[in-house]
Amino acid sequence: MNLSTTLGGERYVFHDLKEVLAKANEEKSGDRLAGIAAETVQERIAAKTVVSELLVSDIRNNPLIPIESDEVSLIIENDINEKVYGEIQNWSIAELREYILSNEVGDRELKRLSRGLTSEVIAAVTKLMSNLDLVHAANKIEILSTCNITIGQKGTLSSRLQPNHPTDNIDGIITSLKEGLSYGIGDAVIGINPVDDSVESVKRVLNATKDFIDEWEIPTQNCVLAHVTTQMKAIEQGAPADMIFQSIAGTEKAHRSFGISAELIAEAKDLSLKMGTGTGPQTLYFETGQGSELSAEAHYGVDQVTMEARNYGFARHYDPYIVNTVVGFIGPEYLYNSKQVIRAGLEDHFMGKLHGLPMGVDICYTNHIKADQNDIEDLSILLSAAGVNFIIAAPMGDDVMLNYQSMSYHDVATVLRTMGKTPAPEYLKWLEKMGIYENGMLSKRAGDLTLFNR
């Protein structure tokens with residue numbers, strides 16, 4: 001495995017695969033904080049050159065985190081289709097990139113290819129791609145998933161309705177829920193982040209949202225984004241949860257800091273299928289975001305793009321209904337400005353799709369990051385063009401519980417109209433029945449909460 005190159009008369013030598021992958025990454029403040037980023041643009045180009053010449057087998061045969069010490073590595077390794085891998089093991093990463101972007105390669109070919117790719121290989125090819133490459137490649141892949149309804153169809157853009165409330169007040173949650181529904185939001189999931197992570201509070205919110213969904217015969221899913229163990233206890237006590245949620249990471253050590261394990265996620269999946277109210281077959285919801293492993297001091301010197309790819313290798317093992325990256329939420333220590341946030345959003349979406357996952361993005365930023373509303377609106381258009389399955393919407397784009405900025409109900413409706421997309425087919429029929437949509441677009445009654453008066 002050659003880890004050196006000469007550019008402009010200067011020799012660049014990288015000590016191991018971990019170093020060259022880190023230095024081939026686009027500029028990220030998280031990699032800089034970890035002390036693993038390229039020192040100069042020239043060094044970054046040299047690292048990309050070396051990565052482009054590596055073989056798929058070089059990366060698989062030199063694990064960044066050994067399977068003996070990490071269950072995420074073990075899951076990624078065991079899920080590889082050996083027949084597909086055998087066909088591509090001698091491709092260079094540059095050849096892999098050319099194949100993915102080729103006009104002759106589409107959805108079927110990329111889905112088959114993905115079965116032979118480790119997460120680290122997917123991260124490596126991502127580092128060689130421009131933003132437009134990431135948009136173009138991801139748009140080729142159509143990933144359908146089904147819980148109570150099916151989302152992900154070409155020409156659609158689904159959304160998570162996020163009616164969070166700073167005190168988990170049911171009336172406040174339901175009012176925000178009504179407003180979101182009145183703008184056509186919510187086909188991916190009605191998902192609430194609770195302030196109170198107790199079983200009783202989670203049961204109360206699940207019951208309230210499910211009662212509302214049933215009363216109005218809304219074709220969607222509910223979920224309360226408490227810790228997985230809290231949700232499991234609530235379901236065991238009869239709470240109506242269509243899905244079980246959990247944030248995940250790229251290493252076993254990071255998972256331990258979250259209070260989870262591969263075994264626990266498998267138990268949650270089994271419980272959701274046996275006792276949850278979702279029809280399935282997919283009933284899990286995962287959330288990720290670049291930098292979480294560094295926060296947990298569990299990244300082992302691996303760059304945050306490669307770590308994020310490992311999230312998706314772990315996630316695909318459990319066949320989730322939806323996965324989303326919260327791309328600008330953690331803060332400037334990992335993604336410093338809008339350029340880094342936009343790049344990360346496109347990277348995460350592409351890597352998730354190439355893993356075969358139904359990918360969504362929370363297009364967002366915190367108030368101490370160098371980004372603003374225009375930046376996330378730019379990213380929303382890029383991701384819509386890339387075929388993102390769903391995006392997240394909060395009232396007025398301001399989550400008053402989590403204290404960050406996301407897309408608003410109005411923003412998502414505007415993206416749908418601008419990009420010529422609609423909500424998922426089953427949800428669109430309901431919106432038309434309610435008078436919220438007419439002729440494939442929002443009607444004059446959009447935003448009218450009296451639609452939900454009896």
Side-chain angles (χ1 to χ4, degrees), residues 106-108 110-111 134-162 180-191 213 217-223 242-243 278-282 285 320-325 345-346 348-350 352-363 377 379-393 406-443 446:
D107 175 69
R108 181 177 61 84
L110 290 177
K111 284 175 180 171
L134 296 172
V135 170
H136 175 62
N139 187 52
K140 293 183 178 189
I141 307 171
E142 181 185 56
I143 306 294
L144 305 183
S145 59
T146 303
C147 185
N148 291 335
I149 68 169
T150 300
I151 65 170
Q153 300 91 341
K154 282 285 188 180
T156 68
L157 173 59
S158 295
S159 54
R160 171 185 159 191
L161 204 169
Q162 185 170 293
L181 294 170
S182 74
Y183 283 102
I185 308 304
D187 48 341
V189 61
I190 294 169
I213 289 169
E217 299 179 326
I218 308 169
T220 188
Q221 297 74 212
N222 77 331
C223 185
D242 293 325
M243 287 188 288
T279 305
Q282 286 101 12
Y285 175 9
Y321 175 61
I322 48 176
V323 179
N324 77 262
T325 171
L346 297 178
D348 295 357
H349 176 251
F350 165 75
K353 276 285 189 74
L354 195 54
H355 276 87
L357 292 170
M359 277 302 296
V361 179
D362 189 355
I363 308 168
E377 289 177 6
L379 181 54
S380 73
I381 296 299
L382 289 168
L383 286 166
S384 180
V388 67
N389 279 34
F390 73 101
I391 55 181
I392 290 179
S406 187
M407 300 292 285
S408 73
Y409 303 149
H410 312 73
D411 295 332
V412 175
T414 303
V415 172
L416 283 159
R417 183 79 178 102
T418 302
M419 302 300 288
K421 298 196 175 190
T422 67
E426 294 165 76
Y427 197 67
L428 179 60
K429 288 180 182 178
W430 178 81
L431 293 170
E432 290 170 340
K433 183 183 76 172
M434 291 291 294
I436 297 169
Y437 259 65
E438 289 179 357
N439 301 317
M441 66 184 75
L442 286 174
S443 72

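What's counted below: heavy atoms across the whole structure, side chains too, no hydrogens, waters or symmetry copies.
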message: Do Tyr427 and Ile218 make a side-chain contact, defined as non-hydrogen atoms from C-beta onward lying under 4.5 Å apart?
response: yes

- prompt: Is the backbone of Ile391 close enough, under 3.5 Å, to the side chain of Ser159 for a donor and an acceptor to pair up by distance?
  reply: no

Donor-acceptor under 3.5 Å (Asn148 side chain, Pro219 main chain): no

message: Do Lys111 and Ile143 have side chains that approach each other closer than 4.5 Å (heavy atoms only, starting at C-beta)?
response: yes

query: If we only count heavy atoms from C-beta on, is the Met359 to Asn389 side-chain gap below 4.5 Å?
result: no

message: Please identify which of these residues, Ile436, Asp411, Leu416, Leu442, meets the side chain to side chain contact (heavy atoms under 4.5 Å, CB included) condition with Tyr183.
response: Leu442

- request: Give a yes or no on whether the backbone of Leu110 and the side-chain of Lys140 come within a donor-acceptor separation of less than 3.5 Å.
  value: no

- request: Identify which one of Leu134, Asn324, Thr325 satisfies the side chain to side chain contact (heavy atoms under 4.5 Å, CB included) criterion when paired with Asp348.
  value: Thr325

message: Ignoring hydrogens, what is the shortest heavy-atom contact between Met419 and Ser384? Give both atom names and the distance.
response: CG-OG, 3.3 Å

CG on Leu161 to CG on Asn222, rounded to 0.5 Å: 12.0 Å

- request: Check Ile151 against Tyr321 and note the closest heavy-atom contact, atom names and distance.
  value: CG2-OH, 3.4 Å

- request: Indicate the atoms forming the closest heavy-atom contact of Gly278 with Cys147, along with that distance.
  value: CA-SG, 4.0 Å

